[in-house]
Each structure stands twice: as C-alpha cells, then as structure tokens.
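Structure record follows, encoded as structure tokens.
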Amino acid sequence: MTTVRCRFAPAPSGSLHVGNVRSALFSWLWARHHGGAFVLRVEDTDASRVTDEAIRGGVEDLRWLGLDWDEGPEVGGPYAPYRQSERADIYRAATEDLLASGDAYRCYCTEEELRARNESATARGEAPGYDGTCRDLTDGERAAHEAAGRAPTVRFLMPDQTWVVDDLVKGEVRWAAGELRDFVIVRADGSPLFLLAVAVDDLRMGITHVVRGDDLLSAAPRNIAVIEALGGTPPVYAHVPQVVGPDRKPLSKRHGSTSVEHFREQGYLPEAMVNYLALLGWSPGDDREVLTRDELVAAFDLARVSSNPAAFDTEKLTWLNNHLIQGLEDDDLAARCVHFLAEAGLGVDPVLLRQAMPLVKERMKTLREVVDLLAFLFSDDVTPNERATALIAKAPEGYLKAAADALDVLGTWDAAHIGEQLDALATSAGLNRTKGWQPVRAAVTGSNVSPPLPESLELLGRERTVARIRACA
RNA sequence: GUCCCCAUCGUCUAGUGGCCUAGGACGCCGCCCUUUCAAGGCGGAAGCACGGGUUCGAACCCCGUUGGGGGCACCA
C-alpha cells in the first residue's frame with residue numbers, strides 16, 4: 001500500500017488568492033483524509049519575478065488557514081530542497097538523462113523564427129505549435145548552428161501517440177496523436193522550465209496525487225510524458241475548476257482584493273475561509289453547510305468535486321463568518337478581537353473586552369467590526385456622530401439631565417436596574433422605550449447604533465455613563 | 001483558427017432514468033420577536049441554456065447549437 005502524498009506548489013507572488021488557496025485546501029484535505037503527507041513546494045523557476053517577500057506571504061497564509069505541511073519550506077523533509085530555484089542540479093541531471101535517451105533534443109530555433117513560423121502556420125489555417133524543425137538535426141547542422149553562435153534550448157520530444165489522462169475530477173480526457181507538440185524544458189540560458197521542473201519534482205518527491213487548477217489540465221499529458229520518459233510512474237491527477245469572480249471571469253487583480261491577506265485583515269476567521277472554500281465546488285453530499293475542519297477531512301472526496309467553475313460569493317462567506325463567530329467561546333473571540341482594537345488605537349481592558357463579547361458576537365460580521373461596536377467602551381472620546389447629534393437634539397428639554405441624575409443615584413448598577421430606570425425615565429417623559437432610550441444611547445456611545453443599552457452601560461460603569469450624559473445635557 | 005474543459009434558482013450546490021409538482025444554503029421579499037443594530041423564528045418568490053434523439057419514462061444517456069473558460073510561450 002502506498003501512502004497518499006499530495007502537494008501544493010504555488011508560484012510565489014505574495015499573498016495567495018482564494019482560488020489558489022482552494023486548490024491547496026482540496027489537496028490538503030485529500031492528504032489528511034487518507035492520513036497521507038502534504039508537501040509544500042515553491043515553484044520559482046521563473047526567478048526573475050520571485051522575491052523572498054512573496055514566498056513568505058504564501059507561507060503565512062497557509063499557516064493562518066491551518067493548512068499545515070509535512071514537508072517543505074521551514075520544515076524541511078527527505079526530499080529537500082523544496083524550492084525549485086535550489087534544485088538546479090536535479091533538473092540538470094534529468095535533462096542529461098532525457099537528452100541521452102533521445103527523449104529530448106537541442107533546439108536552435110530563435111524566438112523570432114518560431115514566432116514567424118507560428119504566424120504563417122496560423123495564416124495557412126494550420127494549428128500553431130512547434131513544427132519539429134530541430135528534431136532530427138544532423139551533426140553537421142548542429143555544428144553549423146553552434147558555430148553561428150546560437151544557444152540552444154532543450155526541447156522535449158512529445159511521443160506521437162494518443163494521450164489519456166484519467167482525471168479524478170474531469171474523468172477520462174484524451175488528446176489525439178499530433179495535438180501535443182514538442183515543448184521547451186530548458187531555456188537557452190540553461191534554466192529549467194515549469195514543464196520540466198514539475199514533472200521531475202512530482203516524480204522525485206513521490207507525489208501520488210496532483211490536485212491543481214484545471215487551467216493546468218492540458219499540462220497533464222506533458223507532465224505524464226516527461227515522467228514516463230524518466231522511467232517513473234505518473235501520479236493521479238485531479239484538476240479542480242477555476243474559482244471565478246461575480247462576472248464569471250477567472251479571479252484576478254481586477255476583482256479587487258481576493259487575497260487571503262485581505263480577508264484576514266478584514267477580520268474573517270480562518271475557519272470561515274476554510275469552510276467556505278471547501279464548499280466552493282464541493283459538497284459532502286448531504287445538506288450540511290457548516291462543517292468543522294475535522295468533519296471536512298472526514299467527508300472530503302475528490303470524486304465529489306464539481307467540474308464546473310464556481311463563483312466566489314463574499315456574501316455567503318460573510319454569513320458563515322458571523323455564524324462561526326457566534327459559536328466561538330467568549331475568551332477565544334475576545335483574544336481574536338484584540339488585534340483589531342489595538343490597530344484602531346484603542347487601549348483594551350481585557351476583562352471588559354471579555355465581558356462585552358456576549359453583547360457583540362451576533363452583531364459582528366467580521367472581527368474588524370468589533371471596533372465600531374465597542375469603541376465607546378475603550379475610548380472616552382465619544383463625539384456624537386450626525387445621527388446621534390440629531391437624537392440628542394430631539395430629546396425633551398431636561399430629559400438627559402434627568403437621566404444623568406437618576407442613574408447617578410441608582411441603587412444597584414446592573415443591566416436590569418438600569419433598564420428599569422431608563423423605562424421609568426421614558427414613561428415619565430411620555431415616551432416609548434425606543435424614543436426614550438435613543439437619546440441616552442446617543443449621548444453615551446456617540447452613535448444611534450450600539451450593543452444593547454443597559455448591558456453596555458453596566459459595562460461602561462456609572463461614572464463614565466453619567467459623565468457622558470451630562471456632557472450632552 | 002484549433003484542441004480541451006464546462007453548462008440545475010442571482011450565487012454555492014443536492015440530484016447519477018421513475019423517490020423531482022427539482023431538495024438545501026447564501027442573498028432577496030414578507031411576517032413575528034424587538035431598546036437601536038444585529039441575531040433568531042416562520043413563510044414566500046426564484047432554476048434544469050436551446051434543439052434534436054434514445055426510452056414506457058429524462059435535470060440525469062447520446063448528438064448538435066449557443067454561451068463561457070483554458071491550452072496551442074525560452075509564463076506557471
């Protein structure tokens with residue numbers, strides 16, 4: 001029995017976007033479901049556009065989401081290194097093997113020549129793609145090219161046969177002989193290309209299942225060809241459909257912020273992201289929508305992944321976020337809120353914060369919203385906003401002063417008694433509860449919207465409450 | 001152009017020939033609850049892209065059309 005080994009191999013480009021993360025999640029879920037290993041590998045063969053910063057971003061995102069890896073950056077592993085830019089020797093050796101066995105050849109065509117031939121092929125109504133010019137060069141021709149100073153690329157000789165990929169998600173996908181052309185695996189400067197590196201790494205790292213976006217579906221037969229030429233057995237592929245935006249176009253920069261980092265900063269829970277993303281293109285088969293990480297791992301099955309592209313819906317993510325926030329223990333929730341409060345410049349009293357959780361948890365769509373909800377508790381700068389000002393202005397003459405006086409001498413300072421007192425005040429002024437309480441809410445919180453009033457005042461304390469009401473009276 | 005992938009409510013999906021007068025969730029609408037805002041409860045509107053087959057019977061099978069998307073790079 002072979003152990004399942006899955007991998008996630010992002011091209012580092014800063015914080016991962018939610019589409020990439022979903023591929024990573026599916027790969028991770030499959031590995032964990034089978035008790036196998038999850039490998040993280042950095043695909044930075046195109047070194048020109050990679051920065052350490054970008055790599056760190058992706059690593060942080062995965063850690064935050066709780067998609068832990070058994071092998072890869074920061075943790076090492078038996079197949080290290082896990083950065084393609086550090087595996088040059090391995091690719092060089094593979095290239096030598098391929099060249100020696102005749103599965104690859106040196107190609108002297110220049111980019112201009114290739115482009116020109118592609119254009120004329122297209123003009124003739126023929127399919128573009130490499131025409132095999134350098135496939136069977138004689139030694140003399142090769143020598144002539146070398147003498148002319150042409151630096152060759154290495155091109156993989158794609159066997160002229162039907163290719164079949166038995167994909168876990170897409171089913172059996174086939175390409176007729178001749179459709180897949182020879183492709184470059186090593187640049188003229190000697191650096192390896194993606195199509196060489198993935199195949200070599202998946203083979204050498206013992207990957208059994210490749211879960212990735214279906215934009216790579218057509219790369220699969222080429223990956224398989226290289227692996228087989230190297231004498232290996234290809235992994236099983238599972239190409240999951242793209243995540244698209246509301247406009248049904250693949251997720252990209254123009255959809256605004258779709259990075260994991262963005263959602264983290266907005267105060268989305270990693271649990272919500274994981275739960276939501278898992279449901280994007282997959283379902284457990286029953287009506288469950290809210291699942292814990294363990295439940296996801298237990299229920300996940302690549303065969304149940306939908307084969308059509310899914311649109312990312314922030315509304316549902318947000319609902320799930322609020323739903324999960326409501327289920328959090330108060331201590332846990334409070335701890336997660338601290339960062340946002342601090343970021344907003346509010347000095348946080350941990351005890352008070354903890355006590356305030358029951359008042360705000362069903363009101364928070366994101367953790368960030370705790371700032372607006374509880375600012376009145378952690379700052380005495382409660383300049384009433386426009387609507388609050390209007391409410392205060394509308395209060396009957398002397399109403400707020402009476403409220404301050406009454407609360408100042410209230411026997412027991414707790415929500416129940418405060419509520420009774422507020423009601424008594426409203427009644428004596430001939431106001432209903434809504435009309436009677438709003439001016440007080442406005443004076444104390446500076447807003448027309450706040451957590452439940454009596455409970456809020458209890459937490460605020462008599463002194464601060466009375467002072468604020470007097471200031472507005 | 002060519003090859004490949006895809007097609008159930010606005011969105012995510014259940015559905016693998018009769019259990020479907022198509023189920024759930026988000027969103028939306030209405031009502032209830034209610035100190036604001038939420039949350040919650042109840043109810044509602046909303047869908048099998050189109051056309052041909054196959055079959056006693058098609059959301060489910062086949063073909064075509066249309067519409068999306070991806071590949072055909074010395075990107076990944």
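Worth saying up front: this structure is predicted, and the values here are computed from it rather than measured. In the text below, chain A, chain B and the rest are named by the order of the sequence lines, each starting its count at 1. Heavy atoms only: backbone and side chains are in, while hydrogens, waters and symmetry mates are out.
- Within the nucleic acid shown, A:Ala188 comes within 4.0 Å of at least one base atom, counting heavy atoms only.
- Atom CZ of A:Arg387 is surrounded by 12 or fewer heavy atoms from other residues, nucleotides or ligands within 6.0 Å.
- Look at the P atom in both B:rC62 and B:rU55: the space between them is 15 Å, to the nearest Å.
- When Watson-Crick and G-U wobble pairs are counted only if both distances are under 3.5 Å, B:rU54 pairs with no nucleotide at all.
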Enumerate all atom pairs, one protein N or O and one N or O from nucleotides 19-26 of chain B, separated by less than 3.5 Å.
residue, atom, partner, partner atom, Å
B:rG24, N2, A:Glu289, OE2, 3.0
B:rA25, O4', A:Glu289, OE2, 3.2
B:rA25, O2', A:Lys316, NZ, 3.4
B:rA25, N3, A:Lys316, NZ, 3.3
B:rC26, O2', A:Lys316, N, 3.3

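- Between the CG atom in A:Leu317 and the CG atom in A:Leu277 there is a gap of 7.5 Å [rounded to 0.5 Å].
- The residue A:Gly281 sits close only to the backbone: its heavy atoms come under 4.0 Å of sugar-phosphate atoms, none of a base.
- Taking the P atoms as reference points, B:rG69 lies 16 Å from B:rU8, given to the whole Å.
- At a threshold of 4.0 angstrom between heavy atoms, the contacts of A:Leu453 include nucleobase atoms, whether or not backbone atoms are also involved.
- Rounded to the nearest Å, the gap between the C1' atom of B:rA25 and that of B:rG47 is 15 Å.
- Both A:Gln326 and A:Val449 lie close to RNA chain B; mapped to their nearest nucleotides by heavy-atom distance, the more 5′-ward contact belongs to A:Val449.
- Across B:rA46 and B:rG10, the matching P atoms stand 11 Å from one another, rounded to whole Å.
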Polar atom pairs between nucleotides 41-44 of chain B and protein, under 3.5 Å, N or O only, would you list them?
none

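- Residues A:Pro452 and A:Leu359 share a closest heavy-atom pair of CD-O, 3.9 Å.
- Donor-acceptor pairing under 3.5 Å is lacking for the side chains of A:Glu362 and A:Gln326.
- No hydrogens or angles were tested; on distance alone, nothing pairs the side chain of A:Arg181 with the base of B:rC72 as donor and acceptor under 3.5 Å.
- Checking the phosphate oxygens (OP1, OP2) of B:rC37, no side-chain nitrogen or oxygen of A:Lys365 falls inside 4.0 Å.
- Base-pair partner of B:rG10: B:rC26 (Watson-Crick or G-U wobble, both distances under 3.5 Å).
- Counting any heavy atom pair closer than 4.0 Å across all strands shown, A:Arg248 reaches sugar-phosphate atoms only and no base atom.
- In this structure, A:Asp423 CG and A:Leu431 CG are separated by 11.5 Å, a value rounded to the nearest 0.5 Å.
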Please evaluate residues A:Ser191 and A:Asp189 with respect to the criterion side-chain hydrogen bond (donor to acceptor under 3.5 Å, both in side chains), reporting the C-alpha separation (whole Å), side-chain torsions for both, the decisive distance (0.1 Å), and the verdict. CA-CA 6 Å; A:Ser191 59; A:Asp189 68 3; 2.7 Å; yes
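- Base pairing annotation: B:rA39 forms no Watson-Crick or G-U wobble pair, as no partner gives both donor-acceptor distances under 3.5 Å.
- For the P atom pair drawn from B:rU65 and B:rC29, the interatomic distance equals 42 Å after rounding to whole Å.
- Between the C1' atoms of B:rC60 and B:rC48, the separation comes to 10 Å (whole Å).
- No side-chain heavy atom of A:Leu324 sits under 4.5 Å from any side-chain heavy atom of A:Tyr276.
- A salt bridge between A:Arg115 and A:Glu112 is absent, with no side-chain N of the basic residue lying under 4.0 Å from a carboxylate O of the acidic one.
- The nucleotide B:rC72 finds its pairing partner in B:rG1, both defining distances of the Watson-Crick or G-U wobble pair being shorter than 3.5 Å.
- A:Trp175 is not listed as a side-chain neighbour of A:Val164, based on a closest heavy-atom distance of 4.5 Å or more.
- Rounded to a whole angstrom, the distance from the C1' atom of B:rU36 to that of B:rA22 is 42 Å.
- For B:rG40 and B:rU21, the C1' atoms lie 31 Å apart once the distance is rounded to whole Å.
- Ion pairing between A:Glu146 and A:Arg106 fails under the 4.0 Å rule for side-chain N and carboxylate O.
- Atoms CG and CD, from A:Asn321 and A:Glu369 in turn, are 9.0 Å apart once rounded to the nearest 0.5 Å.
- Residue A:Pro309 is in sugar-phosphate contact alone, with no base atom involved, counting any heavy-atom pair closer than 4.0 Å across all strands shown.
- Here the nucleotide nearest the side chain of A:Val173, chosen from B:rG71, B:rC4, B:rC37, is B:rC4.
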